[in-house]
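Quick caveat: nothing in here was measured; it's all calculated off a predicted structure. Chain identifiers are assigned alphabetically (A, B, ...) following the order of the sequence lines, protein sequences preceding nucleic acid strands; residue numbering begins at 1 within each chain.
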Amino acid sequence: MTLFGTGVLKGLIVTLKNFATSYFRKPDNGGIFTVQYPEERAKEIESFRNFPFLVYDGTPEKIRCVACGICERECPPKCIHIVMETEAGTGKPAKRPAVFEIDYGLCMNCGMCEDVCPFDSIYMDHAFEVTASDRTQELVRPKETLLKSNDYFLKIRPGTATPVDQKRRAAEEKKKTAQAAATPPKTNP
Amino acid sequence: MINTKSLEGSQMLEINFGPQHPSTHGVFRMNVFLEGEKICALKPVMGYLHRNHELIAENLPYAAVMAYTDRLDYFNSMANNFGYALAVEKLADIEAPERAAYLRVIMAELARIVNHLMLIGFLLNDLGAFFTPVLYAFREREKILDIFEEVSGSRMMCNYFRFGGVKRDVSAETLAAIKKIVAGFPAFLEEFEALLTENEILCMRCQNVGVLPADLAVNAGITGPVLRASGVNYDLRKVDAYGLYDRFDFKVPLGKKGDVYDRYYVRVLEMRESLKILEQALAKIPQGDILNKKALPFLKAPRNFKPAVGEAYGRIESPKGELGYYLVSDGTPQPWRYHVRAPSLINLTVLEDMCVGQKVADAIIILGSIDIVLGETDR
Amino acid sequence: METLELFVRIGIYTLMALVLVFALGVVTLRNLFHCALCLAAVLIGTAMLYVGLRADFLAAVQILIYVGAVMTLVIFVIMLTEHLGEKSIRQNNRQSPAAVISLSGIVVLLAALLLRTPWPVTDKALQAKASVMALGKALMGTYAFPFEVISVILIACLIGAIAIAKKDLPGEDVS
Amino acid sequence: MKEIEFFVDLIFVNAKGWCLDLLGHFLPDWTVVLVSIIISAVVIMVLGPLVMMYLTLLERKVIGRIQNRYGPNRVGKWGLLQPIADGIKMFTKEDIVPAQADKIIHFLAPVIIVIPALMVFLVVPFGERMTAVNLNIGLLYFIAVSSITTIPIFMGSWASRNKYSLLGGMRTAAQMISYEVPMTLSVVPVIMMSQSLSTNTIVMTQAGDMDLHWFVFTPWGLVGFVIFFLCAVAECNRPPFDLPEAESELVAGFHTEYSGMKFALFYMAEYMNAFTLCGIATTLFLGGWQGPLFPSWLWFFGKTFLLICVMIWFRGTFPRFRVDQLMGFAWKFLLPLTLINIPVAALWFFVPEQLAWIYSVPILAVSLWGLVKLNRSFVPEKRIYPLAD
């Protein structure tokens, strides 16, 4: 038979121990596990996904997105809005988005757009400090704020970006050689 | 504003616990009739968090629904994903490859540990402890959530499962990290139990409070730890042996009385069993594909996934009970009918039976011990 | 020092006035809970008057018993029975003129009696220190018998209360 | 050496003396008496809130560490300015009064609750010759004044017109009345031993050699101390006896409908009560300001804060009792134990010390064991959980 009151004392000892260990133990070993946020930051995990962003190569003009609208259609909460640009003279579709907006207030960070995009142009970002004071204006992000360079993409998610880059380079090489093959070689007279 | 209503002829105090109340676990309301501190009648009122989950799902391709199932029981999205993936796989006759199946079990069991930890923490808060058990639970949960973030990209809304597999393969380092967590967890459980299990105040408060007799539990369709605490041996991991659960050696802990204390302790023991499963799974996990070849094309084009006309019911032993997904396909990319059997909702039906005759303080802990998440209850 | 004594005197008279005002409140206020609070104030004021008369022990006991226990019980009962004390009660009825007449008669009678009675202030009484020890000795020695009788009454009350409370237990159902 | 020690001991007393001497030169006699009262009053008025402010910080820090957090550490070094920031916040917050509330009583309740909390400071002996008023009924005064606290709590709970407040108020009344009984009775042995109700005399009788003749080092003193401390925890509504506020059940109990400074006053009273109760526990059982080497006021504050830390430790560890168990604990467990404790202490007075040890320890142990046996509902059931396949 255990003495009445031992359970209570055991509990007191546990909390006393934790009080003491909080001064010298490491966080993963029973020490203080809170992170002092603005000064310290939690370890950034590569696969972390927050809101989507658009990738461009080199300069913002060279945008990968061709405004095909697949992400717009597949987005479960329908937070993407795309309008394709038309060529100034001809009025033909220019395979470039004139408008590309994502409503961050609506987006649920599921990553569907990233999965379905056939042109490797939309990916999930790491940036999570996206507060806004207005729900309808500031949280609807236009193309300009969504665009981020490929270098940034390589920096935050090297594991995803490097194979994509290799694939794209290989495709470009292939295209070049195909072009080279297609143009008839100059025949020597 | 304040009035006493007469109920069954006697004068009683009617109190609304919630929807704005610190311990109704979200936006839940209990309409309680009190005589002094004793509860004479109790009506649960729900629906404050209704988000039209089922109708949204019926208008989306099958793959897109996965992200919404995360939001059902937001403490263990991995288990929700598992159930939905099983249902769709049954409908379309796809099987997950071996490695993916192992990963699914690992994630589901980690989710179970997270869920039980949170439940016990918040139950203790309902009992009046000042956040200490919750924060100890958070300390350990944090480590598991880090794993979830590493494999799926998100800590709570994982969206990790796919039909015929999982979203992303798990690296050897991550597996090693899981192994480390599993190895270190028993020590934490010891500490946690030293703080709680034998505490006289906790025993006084929990033992013989909110007793749920086994026959009532079975008749009301209660599942999960609440049912097992009443002494009924019913665990879908054993009954259905879905996934790979028939390959692992684990036991089902059972309670006797079916009171709050049993419900608390059965969950502690379940965490220990989960650790056993995790150890075995981590030891045996093979190399290989993580996605069935049949399902691969649908990743890029979810709308091409059109299962044949038919119906399927996939169910798993979620940490809260039997979580079932019922799907009817009419051959289009969207399900024709989609229904969730939410354990939180069905376990809540016996709340009044357990509470009547107890004190106000007991109603709060009984509600806490059922383990409801309003996202799942209201959908 | 005389100035100080004047202050004390002023203080005591103010206190007396306040006690009277609160006492008036007890019988005239329409809300039962307010009446009870006024009564508590009267009791505290009386205790303070005792302090002014250098009867510290009596003051402390007055507060402990009347304010700490009896008033708490009274308020408790009001809250239990009157549904948050919302009901306001009528403080007068048709019999009030008659009551005023008879009461004023009693007041006149009492006042006459009080004024006629000599209140001898002896040197012995002024010098006697009402110390706790003396009180204790008196209670345990000279007045031991009445003291014990009161305790017997209290025990009888306790047993009676238990007997009344016990009836409502659900276990002992009358067939 | 001795002189320096004596000087440090009486530093505050002497400071006041110098002030009065200085004023005595150019002021009439009667004002000096008034000034003396005013100085004591101001010191107490400042000490009370100051103690309360830093107790909140201490509590948050200690509980933070218990829970493996830092606790407040942003405002000032180690969060030392946090109480001031809280105070500013409380002052600037909107004061919300429910539409149906009884406005006057709703306003009066938090004001009145602070008065007894401050008044009890009068008889707490903070150090040698540092009792504000050396009443010969000090202890009785303390118990009487602190029993008033129930009424403002009632006023607050009634005037709010909120059912949670009402339930909280009911619980407070029941709890305070119940715990006052064993608390008062647990003090009786101390009064018998020191043959006085004056707090100063009680401390004096605990001097002995090395200033360590504390009552807590006797069996009846230990039992009395534990009971008194548990009752003190219950009296100031702190966990595990915090039913009147029971956050998870009654939102905030009797002060559910209070905000801003009114809420802060309730809070202030609670913390000041915790401080004074710990101070009185120190005075009665832990030898008050008695102790070797250090100055008397340091001993007093050290012991008091140690007891307060234990209260905080309780808060960081325990779940809450239920209403009926709380009452049962007071009436069925603490009360009989105090009643047994009184004759044990009385016998101690007449019997030589060695013999007294020999009989009193077994008596108390057996009665403790018997009470546990009689209160079977307090003892946890042992359960075995089958593991099915």
Side-chain angles (χ1 to χ4, degrees), chain A residues 2-19 21-22 25 27-35 42-51 70-71 73-78 107-120 123-126 128 157 159-160, chain B residues 56-57 59-61 63-68 70-71 129 132-133 135-136 138-140 142-143 145-160 162 167-168 171 174 180-181 184 187-188 190-204 298-303:
Chain A
T2 48
L3 266 170
F4 179 69
T6 37
V8 167
L9 290 179
K10 259 194 208 169
L12 284 173
I13 289 167
V14 169
T15 40
L16 186 65
K17 203 188 82 198
N18 271 284
F19 176 76
T21 52
S22 71
R25 286 257 184 97
D28 57 341
N29 193 21
I32 286 182
F33 67 99
T34 48
V35 177
K43 186 184 69 175
E44 207 162 89
I45 291 169
E46 195 192 322
S47 56
F48 172 55
R49 58 179 151 84
N50 207 26
F51 293 110
I70 290 179
C71 52
R73 201 181 59 200
E74 295 299 340
C75 175
K78 304 275 178 264
C107 175
M108 64 175 195
N109 324 8
C110 64
M112 257 328 242
C113 45
E114 178 185 284
D115 284 354
V116 296
C117 181
F119 298 99
D120 309 314
Y123 281 101
M124 305 306 276
D125 202 349
H126 278 191
F128 55 88
R157 291 173 64 179
T160 319
Chain B
I56 287 174
N59 288 303
L60 284 174
V65 179
M66 188 66 85
Y68 279 98
D70 290 337
R71 272 90 180 156
T132 308
L135 277 150
Y136 290 172
F138 262 83
R139 196 176 69 200
E140 299 307 306
E142 213 50 19
K143 296 175 190 167
L145 289 194
D146 277 349
I147 300 288
F148 283 175
E149 189 177 354
E150 215 153 292
V151 299
S152 73
S154 186
R155 300 167 79 77
M156 284 177 84
M157 304 298 141
C158 295
N159 192 12
Y160 180 57
R162 294 286 177 270
K167 182 182 174 188
R168 189 184 280 123
S171 65
T174 313
K180 203 181 144 205
I181 290 173
F188 162 74
E190 290 300 320
E191 188 189 29
F192 207 49
E193 276 205 64
L195 178 64
L196 305 174
T197 303
E198 281 172 31
N199 190 317
E200 275 84 2
I201 302 176
L202 183 109
C203 292
M204 254 193 243
F298 304 127
L299 266 195
K300 283 276 169 194
R303 266 167 217 276

(request) Under 4.5 Å heavy-atom distance to chain A, tell me which part of B:A63 shows up: side chain, backbone, both or neither. (result) both
(request) Identify which part of B:I56 has an atom lying under 4.5 Å from any heavy atom of chain A, answering side chain, backbone, both or neither. (result) neither
(message) Could you check whether any side-chain heavy atom of B:Y136 comes within less than 4.5 Å of a side-chain heavy atom of A:T15, counting everything from C-beta outward?
(response) yes
(message) I'd like to know whether A:K10 forms a side chain to side chain contact (heavy atoms under 4.5 Å, CB included) with B:E198, so could you lay out the CA-CA distance, the side-chain angles of the two residues, the decisive distance to 0.1 Å, and finally the verdict.
(response) CA-CA 8 Å; A:K10 259 194 208 169; B:E198 281 172 31; 3.0 Å; yes
(message) Which heavy atom of A:G11 sits nearest to which heavy atom of B:L195, and what is that distance?
(response) O-CD1, 3.6 Å
(message) Looking only at heavy atoms and a cut-off of under 4.5 Å, which of B:G184, B:S152, B:A301 has the most pairs with chain A?
(response) B:S152
(request) Flag the pair A:K43 / B:E150 as yes when at least one side-chain heavy-atom distance between them is below 4.5 Å, and no otherwise. (result) yes
(message) If I take atom CG from residue B:N199 and atom OG1 from residue A:T6, how far apart are they, to the nearest 0.5 angstrom?
(response) 10.0 Å
(request) Evaluate the side-chain proximity of B:R162 to A:D115: yes if any heavy-atom separation is below 4.5 Å, no if none is. (result) yes
(message) What part of B:L60 gets within 4.5 angstrom of chain A, counting heavy atoms only: side chain, backbone, both, or neither?
(response) side chain
(message) Going by the rule side-chain contact (heavy atoms from CB on, under 4.5 Å), which residues pair with B:M204 if we only count those two or more places apart in sequence or in a different chain?
(response) D:F321, D:Q325, D:F378
(request) Heavy-atom distances under 4.5 Å only: say whether B:C203 touches chain A with side chain, backbone, both or neither. (result) neither
(message) Quick check: closest heavy atoms across B:K167 and A:R49, and the distance to 0.1 Å?
(response) NZ-NE, 3.5 Å
(message) Looking at A:F48, is its backbone amide N or carbonyl O close enough to the side chain of B:E149 to form a donor-acceptor pair, meaning the two atoms are under 3.5 Å apart?
(response) no
(request) Using non-hydrogen atoms and a 4.5 Å limit, figure out which bit of A:M112 sits close to chain B: side chain, backbone, both or neither. (result) side chain
(request) Side chain from CB out, backbone as N, CA, C, O: work out which of these in B:F138 comes under 4.5 Å of a heavy atom of chain A, or both, or neither. (result) both
(request) Report the option among B:R168, B:M157, B:E191 that has the most heavy-atom pairs separated by less than 4.5 Å from atoms of chain A. (result) B:E191
(message) Please enumerate all residues that pass salt bridge (Lys or Arg N to Asp or Glu O under 4.0 Å) together with A:E74, with sequence neighbours excluded.
(response) B:R303
(message) Using every non-hydrogen atom in the two residues, find where B:N159 and A:C110 come nearest and quote the distance to one decimal.
(response) ND2-O, 2.9 Å
